[in-house]
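Worksheet: the structure to be examined is printed underneath.
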Amino acid sequence: MSMSEFRSDTSMITLTTDFGTTDWFVAVMKGVITAFNPKAHFTDISHHISPGNIREAAFVLKQALPWFPEKTIHLAVVDPGVGTSRRSLIIETDSQYLVGPDNGIFSWALLDMEIVRIIRLDATRFSSPVSSTFHGRDLFAPAAARLSSGENPLNLGEQTHSMIQIDWPQHEVTKDGFLGQVLHKDRFGNLITNLPSTCISTDDMRKLFEVRSHGKVLPIKIHSTYHLASSNNPALISASTGFLEFAIKDGSAAHQMGWEAGQSFELIR
Amino acid sequence: MSMSEFRSDTSMITLTTDFGTTDWFVAVMKGVITAFNPKAHFTDISHHISPGNIREAAFVLKQALPWFPEKTIHLAVVDPGVGTSRRSLIIETDSQYLVGPDNGIFSWALLDMEIVRIIRLDATRFSSPVSSTFHGRDLFAPAAARLSSGENPLNLGEQTHSMIQIDWPQHEVTKDGFLGQVLHKDRFGNLITNLPSTCISTDDMRKLFEVRSHGKVLPIKIHSTYHLASSNNPALISASTGFLEFAIKDGSAAHQMGWEAGQSFELIR
Amino acid sequence: MSMSEFRSDTSMITLTTDFGTTDWFVAVMKGVITAFNPKAHFTDISHHISPGNIREAAFVLKQALPWFPEKTIHLAVVDPGVGTSRRSLIIETDSQYLVGPDNGIFSWALLDMEIVRIIRLDATRFSSPVSSTFHGRDLFAPAAARLSSGENPLNLGEQTHSMIQIDWPQHEVTKDGFLGQVLHKDRFGNLITNLPSTCISTDDMRKLFEVRSHGKVLPIKIHSTYHLASSNNPALISASTGFLEFAIKDGSAAHQMGWEAGQSFELIR
């Protein structure tokens, strides 16, 4: 592969932050990258992660990353520890580059990838001074820009063999069913759980289940599409995420159930 | 025109959804398209359509589409019927490609275009399995990607001659004026109606009109620019949309009038 | 420099508006530009400026613009005076092009640039009719498109030597400290002030200061990073903006202090 082809391959950069889109933070990162590599182009994954919520970002990244082409550079900055001793990383996988703070933000996306090597970014290898409050601008964006220009990641820091990992919130199989929790509330108020759709067989689609949580019991049906759910009673949908999610038709299950991310429950056959 | 020119012509893809921008849904569609056609580039029209509100999307598309260059591919996914028997379409017009569910979402944009042919997408012609909950990712994005690479739409499905249409909410001319309704509330709280600006002559700009709705009567002036409106009393503005809109200066007419999309009224000379 | 290089240099266009992202306004501007110059590409700075708030836009632009490459075209449309006699400008600086209404929106960004010349846009030099309510679409976007295609700014209007300026809200040095004000509340609820970080020496980082505002007195520490702030008591952070900002750890200083942009205060050593 020629250098010019390599550059073109790595020119797609995604961004995932808790910066919002009202202030200049995201634009500044794009400006920094474009000034270094005018051929870079961007896809915003989300800038509306709840402030400092690393687990929320980890789930969004897990859902988004498998759909991007090889050699995409994924920049993720949800970084409550900026300016402390927390390290800054490039994680090179079998298919993609991940750039962000060493706080576990990529843990759940990495469950679907092979790690090739981990590089700890060395601030002294970047020409501009690095502020203590905005590493997105001063360290991660320049690192992504240099990667996207075809630079060797080893130019940007030293290889390391450890990083912070956030455990996947594994569901449990019980005598009567499954113990699970809500991982994410989406825009529609659907509540995405950690129960893999594979927990449920095609036969289960016709049966009535029960959901128990904090002393309450809820009858529940399992469907393959939102349209089959009732608009009054939440159903569990075997959804595009690979996980079961609570949903109601034409409304917000989160609102009707009063549930948020983190709610634990038992699903009983 | 050479193939490479054709490809370049069709590489602009717009996206209109009710997915919001907090979750990964939009990014995943862009990832899928980029993986297939790295030269595709995107313009987001809106991802904040109210959940499932096809009419709102139809009006946004009607306003946006005329301003895009020829051969732009417009992907629109407001899709409460996903996973049911509702069909999936490519609509080829004299100037653009429209890709989305067969639920009328493009009806009002099509009032300004000539339809060349309608293709019903055939899921079996797409290599990946198609989920029953996210056709944006599994069917519409791949279809847009293949169109943007210069593929013949007839490769993606069979031609059809019918589709679902939503009637345009036509205003009525009455003895004393016009019967109209509010079609859209914009970010500023301006209330865009279905009364074409051409209802109003230059002479009318100086006269006092009356608006009647649900038993209330409101004196109203018609102006050519927001700045001429009062900050206390709503005016009707002959605006850039081609329709009259209720507005107040430096504030929200929707808030002050307590009106939303759907409100009907009579405008009396 | 060859023409083709020049074109490539000026193909990056940023957009800053109060249009929101729910309606079609931003997309229409991008469509207009793309129809004229298919090679243009866009970076959104912010579309969530409070409606009509020129000072808020001026601060966002001041923060964002220094990070973009030379010859970037910055389009800014917060334009409560659209359709009045307010003029429309291209401001050519030593490094960038600024396009927008003559209402002071670029005043604070220009504090860091040298003005080369100011061109007053002449609507008669644009082929399409210009509406009286959406100059973003009808005048500023076409002007940016033509600049991005390498056209001479003097083709688009006549040179002028005056424009409206908004004074920078200068802090004052007092007997005991500084008089300042809050310029911006960011997504995290941090309150960015007009006190330059250079007001504070490294020694000051260890001392306790006092903030007085509207009769209330607040003890305050100054830190170099958010993580060192308390989660109960606001601190002043010497931040990436070059200004001191009020912040609390893992929360919103704005919420806890009940302050907004515009709040004035005295910082006392």
Side-chain angles (χ1 to χ4, degrees), chain A residues 11-13 15 17-44 46-54 77-86 101 103 128-142 145 187, chain C residues 5 8-9 11-12 14-16 18 20-21 41-50 56-57 59-72 74 95-96 109 184-190 192 197 223-229 231 237-242 245 247 249-252:
Chain A
S11 64
M12 164 65 91
I13 298 173
L15 298 102
T17 74
D18 60 354
F19 293 167
T21 51
T22 298
D23 306 307
W24 52 86
F25 308 131
V26 174
V28 160
M29 291 201 300
K30 293 179 180 173
V32 165
I33 293 170
T34 305
F36 192 90
N37 178 10
K39 292 185 176 170
H41 52 280
F42 304 102
T43 296
D44 298 303
S46 176
H47 299 296
H48 300 285
I49 303 295
S50 308
N53 194 332
I54 297 165
V77 192
V78 176
D79 192 15
V82 64
T84 68
S85 60
R86 77 101 186 85
N103 61 15
S128 299
V130 173
S131 74
S132 57
T133 58
F134 193 3
H135 285 188
R137 178 189 72 191
D138 300 332
L139 197 55
F140 299 124
R187 197 251 168 149
Chain C
E5 279 171 338
S8 143
D9 277 332
S11 63
M12 165 64 91
T14 77
L15 299 101
T16 305
D18 60 354
T21 51
H41 52 280
F42 303 102
T43 296
D44 298 303
I45 293 180
S46 176
H47 299 296
H48 301 285
I49 303 295
S50 308
E56 185 182 334
F59 190 70
V60 167
L61 289 164
K62 177 182 177 56
Q63 286 297 326
L65 267 49
W67 302 95
F68 281 87
E70 291 211 346
K71 303 208 178 202
T72 299
H74 300 286
S95 59
Q96 324 233 329
H184 188 84
K185 177 176 75 171
D186 77 11
R187 197 251 168 149
F188 300 94
N190 300 328
I192 302 171
S197 297
H223 292 297
S224 61
T225 175
Y226 301 115
H227 206 77
L228 293 171
S231 47
I237 308 292
S238 172
S240 66
T241 53
E245 59 186 62
K249 187 177 163 183
D250 302 332
S252 163

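A note on names: the letters A, B, ... follow the listed sequences, proteins ahead of strands, and every chain is numbered from 1.
Atom-to-atom distance recorded for Trp24(A):CH2 and Asp186(C):CG is 6.5 Å, nearest 0.5 angstrom. Remark: Met29(A) CE to Trp67(C) CH2 distance equals 12.5 Å, nearest 0.5 Å. Rounded to the nearest 0.5 angstrom, Phe188(C) CZ and Asp18(A) CG are separated by 4.0 Å.
Interface remark: Thr16(C) contributes no atoms to any contact with chain A (heavy atom separation under 4.5 Å). Within the 4.5 angstrom heavy-atom criterion, no atom of Phe42(A) approaches chain C. For Ile192(C), the part lying near chain A is the side chain, with the backbone staying farther off; criterion is any non-hydrogen pair under 4.5 Å. Neither the backbone nor the side chain of Lys249(C) comes within less than 4.5 Å of any heavy atom in chain A. For chain A, the nearby part of Ile237(C) is the side chain; its heavy atoms alone come within less than 4.5 Å. Thr43(C) touches chain A through its side chain: at least one heavy atom from C-beta onward sits under 4.5 Å away, while N, CA, C and O do not.
Contacts of Asp79(A) classified as salt bridge (Lys or Arg N to Asp or Glu O under 4.0 Å), with partners at least two apart in sequence or in another chain: Arg86(A). Partners of His47(A) under the side-chain hydrogen bond (donor to acceptor under 3.5 Å, both in side chains) rule, at least two apart in sequence or in another chain, are Thr17(A), Asp44(A).
Using a 4.5 Å cut-off on side-chain heavy atoms (C-beta onward), Arg137(A) and Ser240(C) make contact. Looking at His227(C) and Thr84(A), their side chains come closer than 4.5 Å, going by heavy atoms from C-beta outward.
Note: Ala27(A) leads Ala27(A), Gly20(A), Pro38(A), Gly81(A) in heavy-atom pairs under 4.5 Å with chain C. Counting heavy-atom pairs under 4.5 Å between each of Asp138(A), Val26(A), Ile49(A) and chain C puts Ile49(A) at the top. Chosen from Ile45(C), Thr21(C), Thr14(C), Leu65(C), the residue pairing most often with chain A at heavy-atom distances under 4.5 Å is Ile45(C).
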| field | Full working for side-chain contact (heavy atoms from CB on, under 4.5 Å) between Glu245(C) and Thr133(A) | value | CA-CA 11 Å; Glu245(C) 59 186 62; Thr133(A) 58; over 6 Å; no

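Contact between Gly83(A) and Thr225(C) at its shortest, heavy atoms only, is CA-OG1, 3.6 Å.
Using modelled atom types, one finds no donor on one side chain facing an acceptor on the other under 3.5 Å when comparing His48(C) with Asp23(A).
Shown here is Lys185(C), whose NZ atom has no more than 12 heavy atoms of other residues, nucleotides or ligands within 6.0 Å.
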